[in-house]
Amino acid sequence: MTTQSSLQSYHPTPSDAAADPWPEATVKHMLVGGERVESVTGAWRDVTTPAARERVIARVPEAGPEDVDRAVIAARAAWPLWRDQHFTGRQRLLLKIAELVEQQAEELAQVTAADTGNAIRTQARPEVAVLVDLFRYFGGVAGEVKGFTLPAGSTQLQYTRQEPLGVVGAILPWNSPLMIAGFKVPAALAAGNTVVLKAAEDAPLSILMLAEICQQVLPPGVLNVVTGEGAVVGEALVHHPGVDKVSFTGSTEVGRRIARSAGSRLAHVSLELGGKSPSIVFPGEVTDALIDGLLLSSRVTRQGQSCTAGTRLLLHRDVHDEVIGRLVERMSSLRVGDPLDDASDIGAIINETQFSTVREYLDEGLSDPRLTMELGGLPPDTGPLAEGYFHLPTVFSGADNSFRLAREEIFGPVLVAIPWVDVDDVIRMANDSAYGLAAYIWSDDINRAVDTAHRLEAGWVQINQGGGQMVGQSYGGYKQSGIGREVSLEGMIAGFTQTKQVNVHLAIR
Ligand code: NAD
């Protein structure tokens, strides 16, 4: 068993001016109708950094239903011109945004690290890079939003058009705000919609910075960005009759509520929700690549705050002990610390509530005599890491699939290892979950791996790799992990357009 000490190498230093982009709390504005605005009521909310508990790093508007109304009106007003232009007009502007984001990538990464707590090297910079790629990708395929013609005879012209839905209300979580904005905004805009984007309460700053970049490029009202409480601003957006589609990423609980509200007025809706992804290791050589892949797919370098985290380790009995031993050794070398420090591999948990929730799962694991804690454990309550919401990567063994730790989405750096012997049994266990977002399979027998992939109930399966979403791929959940697809070209067409069939009688002599 590894002790905690090797993981506690750092330091959040709130007074470290060099690593501090906000010597004093900064005021950031929303984007509505092309203008940077406060809320209608003039109310503000504090944004804190999770790396130094309640330390305020910025203030953003506390919007209300009137602000949502203004944003939706602006988006509706901008829609006809945005929709009716040749696709190259939209394409040019999306590519320009990609260029500007790239130019400000480092600043965006720093803002992301400060307000989300995601470590700059392992998470925040890659997230900005994905955002750039997504604007390029959807800009590039804007001309592919097209229909078909039917061979309907010489007197008939029958064709389809893929028409935009109108105003998209997009709601973001806090865990990877820029990447998830990148899954929604460029796709919706490329397809000819306008957007009202709602940032998460805990991580609005990178999104407001993205809004400032977009403001330089897009016509007023094409993208509007609002901040504030989900129960107020989010609800107002979901219920607004001027919003044609709600594109939501967040928890399954809130997603269910949104589906009900949007469904009651028959608005389009897509939901990217939670997960508890299995990572199935078949017998074979335990290579460094396998251990690195398991580490990556577990998303511990994102503090486990990823909907696709492969935290249910289903390890074949033959390799169970060796995999755990090697993985624990590898994880012990990770450095937990200041998200803005390049030396940190793992940053901070987003807020106190989430920090306490993860701790409750740890307490439960530690008090269960059937489980062995192989690494990690409770967060330090003294020393520099106690200054922020820092959890240690933790691995439990001895579980079976019925344990709460194996069934519920912890959204923290906590892995649970479960042994297996029979392939049918491991597939049954992997599928025995309310969720079905991602899954990982590790085997040097590709036939067995592909067969397993086809038998898993998950929207995204990776074999022998564990990285994040690749630009252009399909992405979305089965079961309680969501409904709808938006991220690929096909997803953009399915998620952000509707089909119109046009039949013309041609009077040919
Ligand atoms: P959350 O559901 O609490 O909040 C998400 C967003 O919804 C926030 O902007 C919030 O303000 C808003 N919201 C809250 N209540 C609302 C309401 N009643 N009406 C409208 N909007 C409301 O989720 P979170 O804690 O921000 O994010 C973590 C969750 O998101 C995890 O469950 C994670 O798995 C999931 N997630 C899923 C994906 C995916 O792609 N499937 C990606 C990232 C995160």
As a quick check of understanding, evaluate side chain to side chain contact (heavy atoms under 4.5 Å, CB included) for Tyr159 and Leu150, giving each step before the final call.
CA-CA 6 Å; Tyr159 62 98; Leu150 200 70; over 6 Å; no
Residues Val37, Leu31; criterion side chain to side chain contact (heavy atoms under 4.5 Å, CB included); working and verdict
CA-CA 6 Å; Val37 298; Leu31 176 63; over 6 Å; no
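Checked against Asp202 for a side-chain hydrogen bond (donor to acceptor under 3.5 Å, both in side chains), the options Asn175, Thr116, Thr353, Asn351 give a single hit: Asn351. Considering Val32, Val68, Asp69, Asp67 as possible partners of Val40, the one that fulfils the side chain to side chain contact (heavy atoms under 4.5 Å, CB included) test is Asp67. When Gln91, His86, Gln85, Arg92 are each tested for a side-chain hydrogen bond (donor to acceptor under 3.5 Å, both in side chains) with Thr88, only one passes: His86.
Ring geometry for Phe411 versus Trp174: interplanar angle over 60°, hence perpendicular rather than tilted (30 to 60°). Tyr389 and Phe355 have tilted rings, their planes meeting at an angle from 30° to 60° on a 0 to 90° scale.
Residue Glu229 comes nearest to Glu62 through the heavy atom pair N-OE2, 3.6 Å, listed as atom of the first residue, atom of the second, then distance.
One finds the CG atom of Leu218 at 12.0 Å from the CZ atom of Arg90 (value rounded to the nearest 0.5 Å). How far OH of Tyr440 is from CH2 of Trp460: 5.0 Å, rounded to the nearest 0.5 Å.
With Asn431 contributing its side chain and Leu456 its backbone, the two residues share no donor-acceptor pair below 3.5 Å.
For residues 237-252, the pairs satisfying salt bridge (charged side-chain N to carboxylate O under 4.0 Å, His left out) are Arg76-Asp244, Lys245-Glu486, with sequence neighbours left out. Listed by first and then second residue, the side-chain hydrogen bond (donor to acceptor under 3.5 Å, both in side chains) pairs that reach into residues 137-149 are Glu144-Lys146, sequence neighbours excluded.
Applying the side-chain hydrogen bond (donor to acceptor under 3.5 Å, both in side chains) criterion to Gln103, with sequence neighbours excluded, gives no partner residue.
Side chain to side chain, Ser433 and Lys276 fail the donor-acceptor criterion of an N or O pair below 3.5 Å.
Side-chain atoms of Thr394 and Leu415, non-hydrogen and from C-beta on, never get closer than 4.5 Å to each other.
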